[in-house]
Amino acid sequence: MAQTGEVAILHHHEAPKGFIRKYIFSLDHKVIGIQYYFLALTAVLVGMTLSVFMRLRLAWPDATLPLIEGGKMTPEQYLALLTMHGTIMVFFVLTTAPQGGFGNYVLPIQIGAADMAFPLLNMLSFWVTFLGFLVMIAAFLVTGGAPIAGWTGYPPLSAVGEIAGPGQGLGQTLWIVSLAIFCAGALLGALNFIATTLDLRTKGMSLMRMPLTVWSWFITAILGLLAFGVLLAAGVLLLMDRIAGTSFFIPAGLVISEQIISHKGGSPLLWQHLFWFFGHPEVYIAILPGMGVTSQILSTFARKPIFGYKAMVYAMLAIGLLGFAVWGHHMFISGMSPYSAIAFSVMTLAIGVPSAIKTFNWLGTLWGGQIRFTTPMLYAIGFVSLFVSGGLSGLFLGQPSLDLYFHDTYFVVAHFHMIMGVAAIFGIFAATYYWFPKMFGRMMHEGLGKLHFWITFIGVNAIFMPMHYLGMVGHPRRYADTTGVEYLGSLNSLHVFMSIAAFITIAAQFIFLFNLFWSLFRGQKAPENPWEATTLEWTVPSPPPHDNFGGNYPEVYRGAYEYSKPGVTKDYVMQTTPDAAAH
Amino acid sequence: MATIARGHRHDRGDDFGGDEFGRFEPRGGPAPGAVRRAARTGMLLALLAITMMFVAFTSAYVVRGGLSDDWQPIDMPRLLWLNAGLLLLSSVTIEEARKALNRGLRAACNGWLAVTTILGGAFLIGQLVVWRQLAAQGIYVATNPSSSFFYLLTGAHGIHVLGGLLALLYADIEAWRYRLGPAKRTLLEVTAMYWHFMDGLWIYILCLLWFGR
Amino acid sequence: MAFLLGLVIAIITLATMYGFAFKVWWFPAFISEYGAAYDHQFQITLIVCGIVFFLAQLGLAYAVWRYRDRGGRGSYSHGNNVMEATWTIATAIVFLGVALMGQKIWARVHLDAAPANALQVEVTGQQFAWNVRYPGPDGKFGRTKPELMKESLGNPLGVDPDDPASKDDVVMPVMAVPVNRPVEVLLRSKDVIHSFYVRELRLKQDAVPGMENRLHFTASQTGRFEIPCAELCGLGHHQMRSFLLVMSEEDYANWLKENAPQAQ
């Protein structure tokens, strides 16, 4: 074929010179991926710090705290922490690190491309996201402080301004603006991912040979493309209600603190529909890349082909598709039509089926393997365990009748922290330990990595499992303390237990940070393929050259997970190994 | 199967190859024309995202219109129809520009491009005049839900048209500097896709505003 | 490493199940007609989830320990379509079956209308209190006006004194209902979204401004039960709480009489 002729016209694409073009306003997907990763790392440190203060307040409401004005945290400060913790974690960590970070870095290499389809848009999407982060952080610094309406920002609380509470003035406005900016960046990123996957795959990389990581980023990008436009629209409407005097979400006749609000005729439920139409797919945007990474890592370190590759692909597609039809399960008790609740409930439980398929296939991948317990493998196994724990509580919450008791209790908090919080974070950790050698050319310290895993894995279970019990007792979420309701008094010991578990777990994250930065400079030099894995990123040097393949684009001959193939000397066959050489 | 997938990308008759600047600089995979295809895919995806945004606005419009007892229809200024005419016409002229460039007729292409840009600019000015007319009648954004949606939809569309206009201006400048040759078809092609979409979107919004009054 | 990981997964699994199996932290006893069905449905879901949880986690723990690297080769298998089909169909049947079973309770709460003889009570949320209004002997709620809503003047609901139907309305900060009599709650809000939650009734419903959401129940036991707010409504959210007082018919009649507005 025309391969040789083409290669002749492709010259080695020169890396830009100069610090700014190389590291700041870089067009290279690898640099942009690392930028996204460090943005998420910064954001997660902020979000984690907020949770430390929240846990302090919940366990010891009367304690004198450092860094807090007046020493004692007020309920509104608690709610501001809660709102910002949720928003920063969901958008700037769980959406940013797996997709913007690892997706950006690894996807083009795994499909054999020199870069993303639109490098300029790629750079733009990072800097737009960064701007969004700055605006979000600015909400802390304005008069009135950060908003208190939760990460879901339900109007009228989020729409009527300062009269509804401290932080509901400029802070809430900045929150909306930040999300709108974030949406713009996410949309640019999503279209880039999809176009790249569709059009820039190298020779032989058919769809069904793509690594499951690529599939997961691809499907995530489709979800993002369809969902973020809706959040952007909703944000515009909310902003107009706040600053242009419109009444999209604010009904007539509101009286707050004896003051009549002049808006009329809007619908608070409209926001909820628009928000959750985005918000539910957002959950999968956070978790799907984790599923992809877990599949990749389980197969690599079990030294086995992935069990049921096609089933895995179809399951992810089904999750993505159904993800757009279940938003109503966040609104069972909102006053929406009880008939639609039944439909949403059936769709929701149906989404459990592809999730179960994935779990069984992961177990099937481990079954009969030769498991190597590297740190990324530990995190991938941890992901499966957390995915099971967090997924099953969805079976309760997906039923409107059971939701009559559990809605907006700690049972929900436990559920989504388990699945979308820590399971997704485990995906990020797994990806970090797995691709760090490729990204930075050095290995991370295995001993420290394992120590980090053990404390974190036991720790997150100790934090979030007991939260289910709070939900059993009927502890409503978003409560600054337990003093207002009698039946909550007995639950303080559980709060103390969870707080201590949280502090230990958070302390363990400094092991990770130390390992990350230590390995960056002092880690052992990484070879090209330290894990003996099969996908394309392991065929190039660590770290890869500027255009990934030095002009020699690879040709792909087989699927991504050929481990332990009988009759082959080594226990893995690279995707680029021609058939003749594989025997 | 691999060969088929590969052949499929090659045999589409990608005449010139290279990226949108006409340079043969590989941006991923060795297939010439991949960048051109990606540009079209990317534009389609961008249009899909814009569609979702307007789907959200539409559902808000339908829901909000359905539940309120304070909805007062606004008199749609007649200028709107003229504006629609201008925008429709500009779709024709950009198509002419595209055809001219495909045939290598640079001068004709440049002329049609300039006309399109002027028509697009005239549309936006016309829309601003419509806003002024409504304001003169005392109809502002917050006057009534119907006026809120009127300003919202025309405004959101206008911002998108402005984006398209900037792309057109860029193409104009390139043309003026004798840099818009057939090798840059992709730039014009995706701009035309976007422009036609803005045209269709405007017709849709007009219908929505008209029937939803 | 393999053994330790399997052990830790197993311990986490069993510890979690212990909490649920021995009801260390549990629902309060129910007092409404939905309670028995609710607790039953919860039990069934818990058993289904418990079995899946146990098998999946211990399966994982076992696989991790059993298939640790012993220097051989992994088995070369790309999957098994029969198994895929089996677990797809099995989970679909189990999950959808559970989902459909639970709809009966939902239908009773939301699709069945309140009995005709139900006592109507209006509950209105505001930052940060519940206002409960009884229609009085005339059975009609009087008109309310936003401009009259002044808690400082003792009229948080803005009941219009010019409306004859409002003369006998009783507005209270707590909710008393007679035992064994159907009650229909009309839920409203003055300002932001609140949520009416009584654990013992196994009921929760948002109070949304601009809407009237309805609930109905029959309380089967006398007592005092808390009504916390379950939807974030601002800085006093955690303090927004009222009581549901379930009384005998007699006590209820007296309570209503004691709190009735004085005739002028």
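Only heavy atoms go into these numbers, but all of them, side chains included; no hydrogens, no water, no symmetry mates. Throughout, a chain's letter reflects where its sequence line sits, starting with A, and its residues are numbered from 1. Predicted model only: the values in this text are computed from it and were never measured.
With a threshold of 4.5 angstrom between heavy atoms, C/Phe53 approaches chain A through its backbone and through its side chain. Neither the backbone nor the side chain of A/Pro466 comes within less than 4.5 Å of any heavy atom of chain C. The contact between A/Asn461 and chain C is made entirely by side chain atoms (from C-beta outward), counting heavy-atom distances below 4.5 Å. If you measure heavy-atom distances from C/Leu46 to chain A, the contacts under 4.5 Å come from both the backbone and the side chain. When heavy atoms are compared at a cutoff of 4.5 Å, A/Gln399 approaches chain C solely by way of its side chain, counted from C-beta outward. For a residue to count as touching a neighbouring chain, one of its non-hydrogen atoms must lie under 4.5 Å from one of that chain's; by this rule C/Ile12 touches chain A with the side chain only. Contact annotation for A/Trp454: only side-chain heavy atoms (C-beta onward) come within less than 4.5 Å of a heavy atom of chain C. With a 4.5 Å cut-off on non-hydrogen atoms, C/Phe243 touches chain A through its side chain but not through its backbone. For A/Tyr154, the part lying under 4.5 angstrom from a heavy atom of chain C is the side chain only. Looking at A/Pro305, both its backbone and its side chain come within 4.5 Å of chain C, counting heavy atoms on both sides. Heavy-atom distances place the side chain of C/Met211, and not its backbone, under 4.5 Å from chain A. Looking at C/Gln127, the atoms closer than 4.5 Å to chain A (heavy atoms on both sides) all sit in the side chain, from C-beta outward. C/Tyr34 does not touch chain A: none of its heavy atoms, backbone or side chain, sits under 4.5 Å away. With a 4.5 angstrom heavy-atom cutoff, A/Ile148 touches chain C via backbone and side-chain atoms both. At a 4.5 Å heavy-atom cutoff, the contact between C/Ser195 and chain A is made by side-chain atoms alone. For A/Ala149, the part sitting under 4.5 Å from any heavy atom of chain C is the backbone (N, CA, C, O) and nothing else. Within the 4.5 angstrom heavy-atom criterion, atoms from both the backbone and the side chain of C/Val52 approach chain A. Heavy atoms of A/Leu402 lying under 4.5 Å from chain C belong to its backbone as well as its side chain. Within the 4.5 angstrom heavy-atom criterion, no atom of C/Ala107 approaches chain A. Only the side chain of A/Leu491 comes within less than 4.5 Å of a heavy atom in chain C; its backbone stays farther off. For a residue to count as touching a neighbouring chain, one of its non-hydrogen atoms must lie under 4.5 Å from one of that chain's; by this rule C/Val64 touches chain A with backbone and side chain alike. With a 4.5 Å cut-off on non-hydrogen atoms, A/Ala252 does not touch chain C at all. Heavy atoms closer than 4.5 Å to chain C are found in both the backbone and the side chain of A/Phe360. At a 4.5 Å heavy-atom cutoff, A/Leu488 makes no contact with chain C through either its backbone or its side chain. For A/Ile250, no part lies under 4.5 angstrom from a heavy atom of chain C.
No hydrogens or angles considered: nothing links the side chains of C/Ser242 and C/Glu226 as a donor-acceptor pair under 3.5 Å. Residues A/Glu562 and C/His78 bring a donor and an acceptor atom of their side chains to less than 3.5 Å of each other. The closest side-chain donor-acceptor pair between C/Gln103 and A/Ser401, if any, does not fall under 3.5 angstrom. No side-chain donor-acceptor contact under 3.5 Å links A/Gln370 and A/Asp571. Side chains of A/Thr409 and A/His475: a donor-acceptor N/O pair is absent below 3.5 angstrom, by distance only. Counted by atom type alone, A/Glu258 and C/Ser152 present one or more donor-acceptor pairs between their side chains at under 3.5 Å.
Checking side-chain atoms of C/Trp106 against main-chain N and O of A/Pro338 turns up a donor-acceptor pair under 3.5 Å. A/Tyr469 places no side-chain N or O within donor-acceptor distance of the main-chain N or O of C/Val24, the cut-off being under 3.5 Å.
Evaluation of the salt bridge (Lys or Arg N to Asp or Glu O under 4.0 Å) test over residues 17-45 of chain C, restricted to residues two or more places apart or in two chains, returns C/Asp39-C/Arg202.
Summarising the local packing, CG of C/Asp112 is surrounded by more than 12 heavy atoms from other residues, nucleotides or ligands at distances under 6.0 Å. In C/Phe54, the CZ atom is not crowded: 12 or fewer heavy atoms of neighbouring residues, nucleotides or ligands sit closer than 6.0 Å. Counted within 6.0 Å of NE2 on C/His40, heavy atoms from surrounding residues, nucleotides or ligands total 12 or fewer; the atom is thus considered open. Shown here is A/Lys264, whose NZ atom has no more than 12 heavy atoms of other residues, nucleotides or ligands within 6.0 Å.
Options C/Arg214, C/Gln126, C/Glu231, C/His110 differ in how many heavy-atom pairs under 4.5 Å they form with chain A, and the most are formed by C/Glu231. Contacts with chain A were tallied for C/Pro228, C/Gly236, C/Ala37, C/Ala61; C/Pro228 has the most, counting heavy-atom pairs under 4.5 Å. When each of C/Leu232, C/Thr91, C/Ile105 is scored by its heavy-atom pairs under 4.5 Å with chain A, the top score falls to C/Leu232. Each of C/Gly74, C/Ala207, C/Gly158 has some count of heavy-atom pairs under 4.5 Å with chain A, and the biggest count is that of C/Gly74. Interface check for chain A: of the options C/Leu4, C/Thr13, C/Val192, C/Thr45, the most heavy-atom pairs under 4.5 Å are formed by C/Thr45. The candidate with the highest count of non-hydrogen atom pairs below 4.5 Å against chain A, out of C/Ser77, C/Gly59, C/Gly210, C/Ala92, is C/Ser77.
In this structure C/Asn213 satisfies the side-chain hydrogen bond (donor to acceptor under 3.5 Å, both in side chains) test with no other residue, sequence neighbours excluded.
Note on ring orientation: taking the six-membered ring where Trp is involved, the planes of A/Tyr479 and C/His237 are perpendicular (angle over 60°, cut-offs 30° and 60°).
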Would C/Glu200 and C/Arg224 count as a salt bridge (charged side-chain N to carboxylate O under 4.0 Å, His left out) here? Give the steps.
CA-CA 10 Å; C/Glu200 292 80 0; C/Arg224 173 171 158 281; over 6 Å; no
